[in-house]
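Note that the structure is predicted; figures quoted are calculated from it, not measured. Chain A is the first sequence line, chain B the second, and so forth, proteins listed ahead of strands; every chain is numbered from 1.
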2 protein chains.
Amino acid sequence: MTATQPSHRRGQAVDAAIIEATLGVVAEQGTFQIRIDDVAERAGVNKTTIYRRYDSAEELVLAAVLHNAAAGIPMPDTGTLRGDLDALVRMVRAALTDPLGRALMQASGGGPLDELRRRYWAERFELASELIDRAAERGECAPVDDAAARIEALVAPIHFRIIQLAGVADDSLLAATVDRVIEELPSDDGSDR
Amino acid sequence: MTATQPSHRRGQAVDAAIIEATLGVVAEQGTFQIRIDDVAERAGVNKTTIYRRYDSAEELVLAAVLHNAAAGIPMPDTGTLRGDLDALVRMVRAALTDPLGRALMQASGGGPLDELRRRYWAERFELASELIDRAAERGECAPVDDAAARIEALVAPIHFRIIQLAGVADDSLLAATVDRVIEELPSDDGSDR
DNA sequence: AACTATTGCAACCTCGAGTTGCGTTAGGCG
DNA sequence: CGCCTAACGCAACTCGAGGTTGCAATAGTT
């Protein structure tokens, strides 16, 4: 029965444990207002060690979220606009249903997390705009200059249902939302709808 | 120079002062996480007096919000569906821009405030559904059985822009949202759009 | 004027954030 | 192998905010 868990881990191992524990606690509590002691216990690390790395609890949470979001954002490419938006809308639902996603969406207080959330959406809107641009290149619709706004219109109903109403975004809601956005795109021959 | 502010007010006067101070602090801080000492100071009342009325800070906040929301919900009645929805959408924008409204929308943690917010929306959706029902009676559109869902579709984009993106919901966004909802209503002759 | 409920006040408890000093350990290096 | 040092554990501390308690002061009532 050898000690599988060394009593004094170091460097990267501790770093990883702390970040992982932070994300775990956030997910469990559903909030970014976590207790440092909880994180310390979960990471099998002393509170002091955490404070040696991060000046405050807020900084720790911020670092954990950034670490988690570092895993790029894969955009769908199914060949059709409907296929892409369908996949996108499912990704959005999954992200908002996830405890960490929920926590990020509900972060408030005007702190750095609010700023982070804004950049989160801006970044994704920018990337998702390409889906519409590609559709235009394929001739599925005429080019638009407000693609980001149309992605926003795609996300808003799903976000409202899940986050604000704490309800479920079933497939019919997703489909209806995709339909609506596609119908509002100008057709390739120049006529609107 | 008589004492205009008696040093020991009583009963209703203290009640009102506490509720008002609570709402004021919430509006200033933009959060429901307020300091009882702040409320006490602002109300010109001792902390003990507050705890004699409310068991916890959360209960106080809840009472204050309920008191504030007690002022009924006037629904527009302009004679046309577009006029009604236009007015409604402006009311929504005003409510979400207001500090108290923002705070309520961002309340989280699974507490009673979440529940309160859900009832807040359910209540308003129910009332606003009448706007569409009345439009159907006037022959502006065919009757629908999912009026509440259509009101939700009206609110979601405005909410997302203001609360989630911390942006401005300008008149063009409001108009576009109203247009969209009206266009999706089945026309009176039975054909859709 | 006396009585009672309400309020003010000061002191206290609890809990979590964040800090400090020191002892202990891991791991590199001669 | 033994030493040296940076990283970690540990216990005790400060500090601010939530919440409590006992008692004195005050307002309204009779």
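Following rounding to the nearest Å, B:Tyr51 (OH) and C:dG8 (P) show an atom-to-atom distance of 15 Å. B:Asp37 has its CG atom 12 Å from the P atom of D:dG16, to the nearest Å. One can place CD1 of B:Ile50 at 15 Å from P of D:dA17, the figure rounded to the nearest angstrom. Across the protein-nucleic acid pair, B:Arg53 atom CZ and C:dG8 atom C1' stand 13 Å apart, rounded to whole Å. In this structure, B:Gln12 places its CD atom 18 Å from P of D:dA27, rounding to the nearest Å. Atom pair A:Ile18:CD1 and D:dG9:P shows a separation of 8 Å (rounding to whole Å applied). One can place CG of B:Asp55 at 10 Å from P of D:dG19, the figure rounded to the nearest angstrom. Rounding to whole angstrom units, CD of residue A:Glu41 and C1' of C:dG16 are separated by 14 Å.
Between the side chain of B:Arg150 and the main chain of B:Glu184, a donor-acceptor pair closer than 3.5 Å is present. Within the 3.5 Å criterion, the main-chain N or O of B:Leu131 finds no donor-acceptor partner in the side chain of B:Asp84. In this structure, A:Asp170 contributes its side chain and A:Leu173 its backbone to a donor-acceptor pair below 3.5 Å.
Nucleic acid contact class of B:Thr48 (heavy atoms, under 4.0 Å, all strands): base. A:Ile34 comes within 4.0 angstrom of the backbone, heavy atoms only, and of no base.
Closest-nucleotide positions on DNA chain D for B:Arg35 and A:Asn46 were compared, and the one nearer the 5' end corresponds to A:Asn46.
Candidate nucleotides D:dG19, D:dC8, C:dT19 were compared by shortest atom distance to the side chain of B:Ile36, and D:dG19 ranks first. Looking at the side chain of B:Val45, the nearest of the listed nucleotides C:dT7, C:dG8, D:dG19 is C:dG8.
A donor and an acceptor atom never sit less than 3.5 Å apart when one is taken from the side chain of B:Lys47 and the other from the base of C:dG8. Counting atom types as modelled, B:Arg52 pairs a side-chain N or O with a base atom of C:dG8 as donor and acceptor under 3.5 Å.
Using a 4.5 Å heavy-atom cutoff, the side chains of A:Arg117 and A:Met105 are in contact.
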For a quick test of your reading: what N or O donor-acceptor pairs under 3.5 Å do the side chains of residues 160-167 of chain A make, sequence neighbours left out?
unit_1: A:Arg161; atom_1: NE; unit_2: B:Glu152; atom_2: OE2; d: 2.7
unit_1: A:Arg161; atom_1: NH1; unit_2: A:Val168; atom_2: O; d: 3.3
unit_1: A:Arg161; atom_1: NH2; unit_2: B:Glu152; atom_2: OE1; d: 3.4
unit_1: A:Arg161; atom_1: NH2; unit_2: B:Glu152; atom_2: OE2; d: 3.3
unit_1: A:Gln164; atom_1: OE1; unit_2: B:His159; atom_2: NE2; d: 3.0

